[in-house]
Amino acid sequence: MEPAGQEITVMGWVRSFRSNRFVALNDGSTLGNLQLVVDFSQFDESLIKRIAVGTAIKSVGKLVVSQGAGQKMELQVESLEIFGDCDASVYPLQPKKHSMEFLRQIAHLRFRTNTFSAIFRIRHALAFSIHEFFHKRGFFYLHSPVITGSDAEGAGEMFRVTTLDLKKIPFTEEGEINFKEDFFSKPTNLTVSGQLEAELAALALGQVYTFGPTFRAENSNTPRHLAEFWMIEPEIAFADLNDDMDLAEDLLKYVIRSVLENCKEDLQFLHDREQEEEKQKPQNERNEMSLLDRLKFCVENQFERLSYTDAIEILKNSTPNKKRKFQFPVENWGTDLQSEHERYLVEKHFKKPVILINYPKQIKAFYMRQNEDDKTVAAMDILFPGIGEIVGGSQREERLDKLETRMQEMHIPVEEMSWYLDTRRFGTCPHAGFGLGFERLVLFVTGMSNIRDVIPFPRFPGSAEF
Ligand code: ATP
Ligand code: MN
């Protein structure tokens with residue numbers, strides 16, 4: 001049916017009102033506004049006066065082919081109702097460009113800007129296509145607990161969960177905090193990862209994934225870290241490190257391709273926005289590729305796979321290392337890679353996403369499978385342009401004796417983890433998995449530069465507003 005001539009009802013917020021005649025209305029469903037044409041001679045002047053940027057209105061009218069440029073259709077307004085006025089003199093969102101920092105302070109209102117509505121529509125599309133990807137492949141969505149009684153993974157960077165009265169903390173005779181009196185009769189924290197629980201399920205259901213909030217009390221005030229972020233953690237039985245890498249690469253390509261297809265308008269908007277911003281930057285800080293090019297590039301190219309050892313060699317001999325341009329010079333095998341090193345490999349050396357494998361065991365977690373060389377573990381990190389690490393994963397140590405020994409070496413309480421070790425006692429098998437940081441993915445896909453701008457209400461050191 002041709003839309004012209006139809007009578008429709010629309011509800012939304014006024015984005016602009018000009019010449020006492022043209023209202024640009026947006027209901028959040030897309031970037032585009034609907035132009036309402038108001039014949040002001042037909043309405044009370046007092047009603048017309050109340051139409052302002054931000055006002056919530058309902059209108060009934062007829063869709064007609066637009067006379068003006070800029071839109072195909074417009075609405076000839078027949079009735080107009082105001083739900084909520086918006087006093088322009090105090091409304092923080094003015095029709096001008098606001099800085100990201102300012103918008104972060106009014107995160108409750110920033111959804112109403114083109115940039116943030118585009119970001120959150122894309123965030124939704126990404127979440128949806130992640131579920132779609134796993135569902136199509138026969139994975140089961142697992143809800144791992146948010147409150148955890150194990151601190152094996154995140155010692156030191158976890159948020160304590162307690163109902164103890166902080167003014168009257170109960171102590172044992174030895175002078176320790178008596179967690180027997182706490183809600184769960186033991187110390188508990190917010191989870192840093194759902195992996196260990198996902199492993200338990202994978203060793204029965206075959207292929208599972210989690211997609212939930214995780215919490216880290218690390219004091220990392222960076223544009224890539226949040227204290228509360230969402231993580232996708234698939235875990236697959238009967239799989240090795242190669243299967244794990246293939247799965248991660250397929251997943252990333254699938255979801256990026258799906259957003260390229262389904263969010264064209266929003267992506268184009270963010271692409272153009274970035275192009276504008278780039279013009280303000282000095283030449284040497286500009287992105288070599290535009291947002292859309294980066295996304296297509298990522299979908300079309302095989303990720304480069306190489307060992308940590310080879311990466312160290314490349315970094316050691318790199319120009320920035322020789323010229324002492326790195327904040328953390330690369331000297332010895334065994335040191336952890338910093339974001340500057342990851343980005344050098346991706347952006348300057350290979351110029352494409354990189355998967356690094358076989359890291360030194362002393363910089364990786366206890367559950368990663370030990371390689372024959374006795375020095376490295378079957379770990380893999382995926383590094384992305386502009387982001388650095390986006391995925392961290394590994395093949396898991398499925399051999400009970402090796403796992404126990406490693407846990408003892410790393411002072412992990414073996415008795416408390418007996419539930420985890422049971423999987424290795426009863427029908428263990430090779431298995432692997434990874435964690436994909438959801439906000440790092442949204443950051444990459446939207447081209448934003450700060451992770452605080454791709455989650456509705458960011459939590460970071462010193463800030464838990466809203
Ligand atoms: P980084 O070295 O960047 O801090 P990590 O090694 O601590 O990362 P993992 O513990 O392997 O990361 O977590 C898996 C994934 O979760 C990471 O690859 C990243 O995408 C994401 N991630 C980790 N920490 C954060 C954080 N504080 N905020 C947002 N995403 C995070
Ligand atoms: Mn970290």
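Values below: every heavy atom of this structure, side chains too, minus hydrogens, waters and symmetry copies. In each ligand, atom 1 is the first atom listed, and ligand 1 is the first ligand listed.
Only one option out of Asp246, Asp244, Asp381 pairs with Arg305 in a salt bridge (charged side-chain N to carboxylate O under 4.0 Å, His left out); it is Asp246.
Which parts of ligand 1 touch Ile451 is read off a 4.0 Å heavy-atom cut-off, strictly below it: atoms 29 (C). Short contacts between ligand 1 and Met231, defined as distances under 4.0 Å to a heavy atom of the residue, involve ligand atoms 13 (O), 14 (C), 15 (C), 16 (O). For ligand 1, the atoms closer than 4.0 angstrom to any heavy atom of Arg224 are 28 (N), 29 (C). Within the listing of ligand 1, atoms 18 (O) sit less than 4.0 angstrom from a heavy atom of Gly392. Residue Val391 approaches ligand 1 through these ligand atoms, each under 4.0 Å from one of its heavy atoms: 18 (O).
Between the side chains of Glu101 and Gln105, not a single donor N or O lies within less than 3.5 Å of an accepting N or O.
Checked against a 6.0 Å centroid threshold, the rings of Phe211 and Phe438 count as neighbours.
Distances between N or O atoms of Gly437 and those of ligand 1 include at least one value under 3.5 Å.
Scanning Arg216, Lys364, Glu157, Arg440 for the heavy atom closest to atom 9 (P) of ligand 1 points to Arg216. Taking only non-hydrogen atoms, the option from Phe215, Phe384, Phe229, Phe434 nearest to atom 25 (C) of ligand 1 is Phe229.
Nearest non-hydrogen protein atom to atom 2 (O) of ligand 1 is Glu389 OE1, 3.6 Å.
Annotation: His108, atom NE2; neighbour count of heavy atoms from other residues, nucleotides and ligands within 6.0 Å is above 12.
Interatomic distance, CG of Leu345 versus OG of Ser318, reported as 8.5 Å (0.5 Å rounding). Here the straight-line distance linking atom CH2 of Trp230 with atom CD1 of Ile455 works out to 8.0 Å at 0.5 Å rounding. Rounded to the nearest 0.5 Å, atoms CZ (Phe139) and NE2 (His131) are 13.5 Å apart.
Using a 4.5 Å heavy-atom threshold, the side chains of His341 and Phe328 count as touching.
Contacts between Thr214 and ligand 1 below 4.0 angstrom, taking non-hydrogen atoms only, are absent altogether. Of the heavy atoms in Glu218, only side-chain atoms (C-beta onward) come closer than 4.0 Å to ligand 1.
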